[in-house]
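As structure tokens, the structure follows; a few thoughts come after it.
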Amino acid sequence: MYSRKNQRDLTRTEKKRLVDAILGLKRSGRYDEFVSLHRQYYVTDAESRPRPAHMTPSFFPWHRRYLLEFEKALQTVDAGVTVPYWDWTRDNTPAASLWADDFLGGNGRAGDRQVMTGPFAYARGDWRIRAGVTEDRFLRRDFGRPSAPVTLPTKADVDRALGDPVYDAAPWNSVSTTGFRNRIEGWGIRGTRDVGNHNRVHRWIGGSMAGAASPDDPVFWLHHAYIDLLWTRWQKAHPRSRYLPDRAPAADDPQRGRIFALDDPMPPWDVKPSQLLDHSSLYRYV
């Protein structure tokens with residue numbers, strides 16, 4: 001059992017150890033394998049193939065296992081490192097501690113949006129984008145997207161999602177108009193197409209975080225650790241609620257074979273959502 005901390009509570013030494021472990025994975029080539037994996041499983045609901053990771057009920061358990069695999073990889077570099085979480089409802093400005101020069105670095109510069117500060121700046125020579133979907137060689141950020149401004153989600157936005165007692169609902173995709181999963185994943189609820197919560201954070205950071213290769217930006221892991229924590233909070237708030245769908249859709253349902261019910265093994269690990277509902281034997285949030 002280990003703990004995942006709020007990034008704002010990390011000591012200077014803990015920050016350095018995390019950064020060093022991430023850079024170690026990058027040098028070994030294993031980091032880029034995680035980026036490629038996310039790209040591979042970023043399947044939209046407009047596609048006819050299975051989609052375990054996004055626009056789907058298994059959004060939470062798939063990313064929980066993905067984070068656990070990444071954390072395990074980090075711990076091969078430094079056994080004492082864990083993934084911290086970023087509460088973007090609280091640390092919601094470019095001046096927040098995670099964007100400091102000794103941690104993740106700051107915003108991209110005007111023009112090409114290249115990040116010029118911190119350990120992941122291209123100019124430092126340790127962080128070159130190899131597995132991205134663009135031709136960029138460097139990490140990019142565009143905080144708040146000034147060309148079409150977007151804000152980070154608020155506590156009220158999160159509380160509305162946490163208040164929904166139903167985990168997910170048909171049609172089990174990006175247009176589900178109710179359910180905790182899509183309220184957090186953020187593809188638009190109740191007829192709107194405005195992105196929210198998880199998606200809005202990706203859009204606010206922009207640059208490398210805005211596409212399928214979003215783990216190219218190390219803040220991805222802190223963001224998804226918070227998403228994982230929100231799932232835990234929802235479970236505690238609604239102890240009688242369960243993962244849905246609990247069985248595969250009917251044979252004539254267009255989602256048949258495309259989404260993952262409670263006991264359907266998810267690729268690439270062949271692990272079932274039912275095996276990932278409880279993390280309490282592995283880690284806790286502090």
With side chain to side chain contact (heavy atoms under 4.5 Å, CB included) as the criterion, how do Lys236 and Arg233 come out once you've worked through the C-alpha distance, each side chain's angles and the decisive distance to 0.1 Å? CA-CA 5 Å; Lys236 290 179 179 177; Arg233 289 178 177 169; 5.8 Å; no
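- Side-chain heavy atoms closer than 4.5 Å link hydrophobic residues (I, L, V, M, F, W, Y) into clusters, and following such links, even through other members, never connects Met55 to Val43.
- Between His63 and His54, a ring centre-to-centre spacing shorter than 6.0 Å is recorded.
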Please walk me through it: do Arg113 and Arg141 pass side chain to side chain contact (heavy atoms under 4.5 Å, CB included)? CA-CA 6 Å; Arg113 311 313 309 175; Arg141 293 179 183 142; over 6 Å; no
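- One N or O on the side chain of His202 and one on the backbone of Met209 form a donor-acceptor pair closer than 3.5 Å.
- Nearest heavy atoms, Gly105 versus Pro119: N-CD, 4.4 Å.
- Here the closest heavy-atom approach between residue Asn199 and residue Trp187 is recorded as ND2-CD2, 3.1 Å.
- Taking the six-membered ring for Trp, Trp127 and Tyr31 have ring centres closer than 6.0 Å.
- Under the 3.5 Å distance criterion, the side-chain polar atoms of Asp164 are matched with a main-chain donor or acceptor of Val166.
- Pro153 and Val201 get closest at one heavy-atom pair: CD-CG2, 3.7 Å.
- Shown are Asn6, Thr232, Asp228; of these, the side-chain hydrogen bond (donor to acceptor under 3.5 Å, both in side chains) with Tyr285 is made only by Asp228.
- With a 4.5 Å cut-off on side-chain heavy atoms, Ser214 and Ser208 do not count as touching.
- Atom-to-atom distance recorded for Gln255:CD and Trp172:CH2 is 10.0 Å, nearest 0.5 angstrom.
- Between Leu139 and Tyr122, the closest side-chain pair of non-hydrogen atoms is not below 4.5 Å.
- Using modelled atom types and a 3.5 Å distance limit, the side chains of Tyr167 and Arg242 yield no donor-acceptor pair.
- A distance of 6.0 Å or more separates the ring centres of Tyr66 and Tyr41.
- For Tyr226 and Trp88, the distance between ring centers is under 6.0 angstrom.
- Ring pair Trp269/Trp62 is tilted by interplanar angle, where 30° to 60° counts as tilted.
- Linking Ile, Leu, Val, Met, Phe, Trp and Tyr whenever their side-chain heavy atoms come within less than 4.5 Å leaves Val35 and Phe138 in two separate clusters.
- You'll find the side chain of Ile22 stays beyond 4.5 Å of the side chain of Lys26, heavy atoms only.
- Side-chain atoms of Lys16 and Asp102, non-hydrogen and from C-beta on, never get closer than 4.5 Å to each other.
- Side chain of Glu47 to main chain of Thr44: a donor-acceptor pair is present (N/O by atom type, distance under 3.5 Å, no hydrogens or angles).
- Checked by atom type and distance alone, the side chain of Arg145 never pairs as donor or acceptor with a backbone atom of Val150 at under 3.5 Å.
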Applying side chain to side chain contact (heavy atoms under 4.5 Å, CB included), run through Arg137 and Arg130 and close with a yes or a no. CA-CA 7 Å; Arg137 296 170 298 161; Arg130 299 189 186 95; over 6 Å; no
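- Closest of all the heavy-atom pairs between Pro52 and Met266 is CB-CB, 4.4 Å.
- Under 4.0 Å is where a charged nitrogen must lie from a carboxylate oxygen, and between Arg17 and Glu14 no such pair does.
- In this model, a donor atom of one side chain and an acceptor atom of the other lie less than 3.5 Å apart for Tyr2 and Glu71.
- Counting non-hydrogen atoms of neighbouring residues, nucleotides and ligands closer than 6.0 angstrom, the CZ atom of Arg109 exceeds 12 such neighbours.
- When side chains are defined from C-beta on, Pro268 counts as touching Leu37, because their heavy atoms get closer than 4.5 Å.
- In this structure, the separation between CG on Asp253 and CD1 on Ile259 is 7.0 Å, given to the nearest 0.5 Å.
- Considering only heavy atoms from C-beta on, Phe103 stays 4.5 Å or farther from Ser97 through its side chain.
- Annotation: side chain of Tyr283 is not in contact with side chain of Ser3 (no heavy-atom distance under 4.5 Å).
- Contact check for Val77 versus Leu74: no side-chain heavy atoms found under the 4.5 Å cut-off.
- The ring of Trp99 has its center closer than 6.0 angstrom to the ring center of Phe143.
- For Gln75 (side chain) and Gly80 (main-chain N/O), no donor-acceptor pair under 3.5 Å exists by modelled atom type.
- Not a single donor-acceptor pair under 3.5 Å links the side chain of Arg258 to the backbone N or O of Pro50.
- Listed for the Ser176 side chain is no donor-acceptor partner under 3.5 Å among the backbone atoms of Thr178.
- In the model, Asp91 has a side-chain atom that pairs as donor or acceptor with a side-chain atom of Gln7 under 3.5 Å.
- Residues Ala161 and Ile184 share a closest heavy-atom pair of CB-CD1, 3.6 Å.
- Leu104 and Pro218 make their closest contact through CD2-CB, 4.4 Å (heavy atoms, listed as atom of the first residue, atom of the second, distance).
- Taking the six-membered ring for Trp and the full ring otherwise, the centers of Phe34 and His38 sit at least 6.0 Å from each other.
- Note that CG of Leu277 and CG of Leu262 are 6.0 Å apart. Values are rounded to the nearest 0.5 Å.
- Judged by distance alone, with hydrogens and angles left aside, the side-chain atoms of Asp157 form a donor-acceptor pair with the main-chain N or O of Thr154 at under 3.5 Å.
- Taking the six-membered ring where tryptophan is involved, the planes of Trp221 and Phe70 are essentially parallel, since the angle between them stays under 30° and well short of 60°.
- From Asn197, atom CG reaches atom CD1 of Ile227 across 7.0 Å, with rounding to the nearest 0.5 Å.
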Derivation of the side chain to side chain contact (heavy atoms under 4.5 Å, CB included) call for Leu23 and Phe120: CA-CA 8 Å; Leu23 291 175; Phe120 306 106; 3.8 Å; yes
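- Annotation: the span from Thr11 atom OG1 to Lys5 atom NZ amounts to 6.0 Å, rounded to 0.5 Å.
- No hydrogens or angles considered: nothing links the side chains of Arg64 and Gln275 as a donor-acceptor pair under 3.5 Å.
- Separation of atoms CG (Asp126) and CZ (Arg27) is listed at 6.5 Å; rounding is to 0.5 Å.
- Atom CZ of Arg8 has more than 12 heavy atoms from other residues, nucleotides or ligands within 6.0 Å.
- Distance alone, capped at 3.5 Å, places no donor-acceptor pair between the Asn173 side chain and the Thr56 backbone.
- Checked against the 6.0 Å centroid criterion, the rings of Trp234 and Phe180 qualify as a close aromatic pair.
- Leu229 and Val158 fall within a single hydrophobic cluster, where Ile, Leu, Val, Met, Phe, Trp and Tyr are joined by side-chain heavy atoms under 4.5 Å apart, directly or via other members.
- Under the 3.5 Å distance criterion, the side-chain polar atoms of Asp168 are left unmatched by any main-chain donor or acceptor of Arg181.
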